[in-house]
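Atoms within a ligand are numbered from 1 in the order they appear, just like the ligands themselves. Worth saying up front: this structure is predicted, and the values here are computed from it rather than measured.
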Amino acid sequence: QNDDDQLIIDAGQKQFGATTCEACGMLYSVDSPEDNFQHTQFHQRFLDTIKFVGWKKERGMAEFWDGKIILVLPDDPKYATKKAEDVRRIADTELGFQQVSLSSPKAAKTYLFINSDRMVVGCVVAEPVRQAFRVLEQPEKPKDMTKEDFMERHRAWCCSTVPEKAICGISRIWVFSMMRRKGIATRMLDTVRNSFMYGSHLTKDEIAFSDPTPDGKLFATKYCGT
Ligand code: ACO
Ligand code: ZN
């Protein structure tokens, strides 16, 4: 019955010209006025969420020619924690997480990458962890499997069962789709390693990724040099 489902989806796409917006990620049908309307609204909300007007006391962590990284802590003023939360929600939606709470919200540190157009284009949530499970190699996604099914299954067997010592857990890492492959995630993690623990620099072995997606794993493998 999987094949039938796929057929219906394929037919639907041909008939209604389904397309995915490169910016906000919404799948909609360009030929449907209703869909276009919904997309316009969703797209605008997305842009509003990543818009960064700035605030007086920013915790600047790093500056680059194309942007900067700021840190938001749980006890920061509401306007800061709200922005961090809203961006995290965008990331969660894209990662397919539904209302996943943080393991230690009071200790979670949110790093935001703000680009020169004043948009939040990167978000990393780092939390203290005592142990982690090393990510293992896993096969490619079979063609007949949906991304969701794959990720569901993939999470169960991507990690070793032997816990290893880690200090900093990366529970979310997200970069705006149109700003990927510009080293934003790399620079954010370098900044996390330099600042997560006061006065010490964490090695790549001391950070751990929780629940990596296929994208996340490709990145993590490269970043950690494994
Ligand atoms: N495919 C293959 N290699 C990749 C990919 C990819 N999709 N993404 C990164 N890499 C590798 C490359 O070698 C890259 O170097 P190169 O561009 O010179 O070849 C290197 O990692 C560094 O990449 P960055 O530019 O620093 O990574 P980027 O800023 O693009 O962000 C990220 C990577 C965060 C995974 C981004 O693709 C993303 O947000 N994806 C959607 C959300 C997601 O899946 N996040 C990970 C979830 S796991 C978790 O949250 C714990
Ligand atoms: Zn859009």
Side-chain angles (χ1 to χ4, degrees), residues 17-30 32 35-51 62 64 66-67 69 84 87-98 100-103 108-115 119-129 132-138 140-141 147-148 150-152 154-155 158-159 166 168-193 196 204 207-226:
T19 184
T20 302
C21 176
E22 256 185 85
C24 72
M26 180 171 167
L27 175 74
Y28 70 105
S29 144
V30 276
S32 150
D35 262 31
N36 273 305
F37 176 73
Q38 298 226 319
H39 170 242
T40 308
Q41 288 209 313
F42 182 85
H43 194 97
Q44 193 51 51
R45 234 177 305 140
F46 178 92
L47 292 181
D48 287 346
T49 303
I50 67 169
K51 191 170 83 188
F64 306 97
D66 57 346
I69 296 173
V87 173
R88 204 191 86 210
R89 205 164 293 137
I90 281 193
D92 282 0
T93 307
E94 193 171 335
L95 294 173
F97 293 177
Q98 281 151 8
V100 178
S101 50
L102 301 172
S103 45
K109 298 183 173 174
T110 305
Y111 293 79
L112 301 176
F113 191 107
I114 319 291
N115 77 0
M119 293 195 293
V120 184
V121 295
C123 171
V124 169
V125 179
E127 300 173 272
V129 288
F133 301 90
R134 194 162 290 277
V135 176
L136 301 175
E137 215 44 66
Q138 98 275 311
E140 296 267 296
K141 177 177 88 64
K147 193 178 175 194
E148 289 69 33
F150 176 71
M151 273 166 51
E152 208 41 56
H154 159 87
R155 284 205 178 118
C158 68
C159 295
C168 169
I170 305 300
S171 76
R172 308 284 193 288
I173 180 161
W174 170 86
V175 171
F176 176 41
S177 58
M178 303 185 85
M179 295 286 164
R180 287 180 194 161
R181 307 302 288 269
K182 295 178 192 301
I184 291 179
T186 300
R187 285 179 277 167
M188 294 193 83
L189 283 193
D190 288 345
T191 304
V192 170
R193 283 166 51 216
F196 187 76
K204 290 179 177 177
I207 57 172
F209 296 81
S210 63
D211 270 355
T213 58
D215 265 0
K217 200 184 162 255
L218 286 165
F219 166 74
T221 327
K222 179 73 194 293
Y223 184 78
C224 298
T226 53

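Of all protein N/O/S atoms, those under 2.8 Å from the Zn ion (ligand 2) are Cys21 SG, Cys24 SG, His39 NE2, His43 ND1, and waters are not counted.
In this structure, Lys204 places its NZ atom where more than 12 heavy-atom neighbours from other residues, nucleotides or ligands lie under 6.0 Å away.
Looking only at protein heavy atoms, the nearest one to atom 48 (S) of ligand 1 is Pro212 CA, 3.5 Å. Looking from atom 39 (O) of ligand 1 to the surrounding protein, the closest heavy atom is Val175 N, 2.7 Å. The protein non-hydrogen atom at the shortest distance from atom 1 (N) of ligand 1 is Leu218 CD1, 3.3 Å. The shortest contact between atom 25 (O) of ligand 1 and any protein heavy atom is with Gly183 N, 2.8 Å. Scanning the protein for heavy atoms near atom 50 (O) of ligand 1, the closest one is Ile173 N, 3.0 Å. Counting protein heavy atoms only, atom 15 (O) of ligand 1 is closest to Lys222 NZ, 3.8 Å. The protein heavy atom nearest to atom 29 (O) of ligand 1 is Ala185 N, 3.0 Å.
Take Phe113 and apply the ring-ring contact (aromatic ring centres under 6.0 Å, His included) test, not counting sequence neighbours, and it matches Phe64.
A distance-only check finds a donor-acceptor pair linking the side chain of Arg187 to the backbone of Gly183 [under 3.5 Å]. In this structure a side-chain-to-backbone donor-acceptor pair under 3.5 Å is present from Arg180 to Val175. The backbone N or O of Glu22 lies less than 3.5 Å from a partner atom in the side chain of Ser177, making a donor-acceptor pair. No donor-acceptor pair closer than 3.5 Å links the side chain of Asn115 to the backbone N or O of Val121.
Scanning Arg187, Arg180, Lys182, Arg181 for the heavy atom closest to atom 14 (C) of ligand 1 points to Arg181. Considering each of Tyr223, Phe209, Phe219, the one bringing a non-hydrogen atom nearest atom 23 (O) of ligand 1 is Phe219. Closest to atom 42 (C) of ligand 1 by heavy atom, among Asp215, Ile170, Leu95, is Leu95.
Residue Ile184 has at least one heavy-atom neighbour below 4.0 Å for each of these atoms of ligand 1: 26 (O), 29 (O). Of all atoms in ligand 1, numbered sequentially from 1 with element shown, those under 4.0 Å from a heavy atom of Ser210 are 49 (C), 51 (C). In the vicinity of Trp174, heavy-atom distances shorter than 4.0 Å reach the ligand 1 atoms 39 (O). Counting atoms of ligand 1 from 1 in the listed order, those under 4.0 Å from a heavy atom of Thr213 are 43 (C), 44 (O), 45 (N), 46 (C), 47 (C), 48 (S).
Less than 4.0 angstrom separates atom 18 (O) of ligand 1 from none of the non-hydrogen atoms of the protein. The protein does not reach atom 32 (C) of ligand 1 closely, with no heavy atom under 4.0 angstrom from it.
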Give the C-alpha distance, both sets of side-chain angles, the deciding distance and a yes or no for side-chain contact (heavy atoms from CB on, under 4.5 Å) between His39 and Cys24. CA-CA 9 Å; His39 170 242; Cys24 72; 3.5 Å; yes
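The side chain to side chain contact (heavy atoms under 4.5 Å, CB included) test with Ile90 is passed by exactly one of Leu95, Ile50, Val120: Ile50.
Taking distance alone, with nitrogen or oxygen atoms compared against 3.5 Å, Thr186 approaches ligand 1 more closely than that limit.
Remark: Glu127 CD to Ser210 OG distance equals 7.5 Å, nearest 0.5 Å. For the atom pair CE of Met119 and CD1 of Ile114, the computed distance is 10.5 Å after rounding to the nearest 0.5 Å. Summarising the geometry, atom CH2 belonging to Trp174 is positioned 7.5 Å from atom SG belonging to Cys123; distances are rounded to the nearest 0.5 Å. In this structure, Asp66 CG and Lys182 NZ are separated by 8.5 Å, a value rounded to the nearest 0.5 Å. To the nearest 0.5 Å, atom CD of residue Glu94 and atom OG1 of residue Thr213 are 9.0 Å apart. Distance check, rounded to the nearest 0.5 Å: CG of Asp48 to NE2 of His43 gives 10.5 Å.
At least one heavy atom of Ser171 sits less than 4.0 Å from an atom of ligand 1.
Taking the six-membered ring for Trp, Phe176 and Phe46 have ring centres closer than 6.0 Å.
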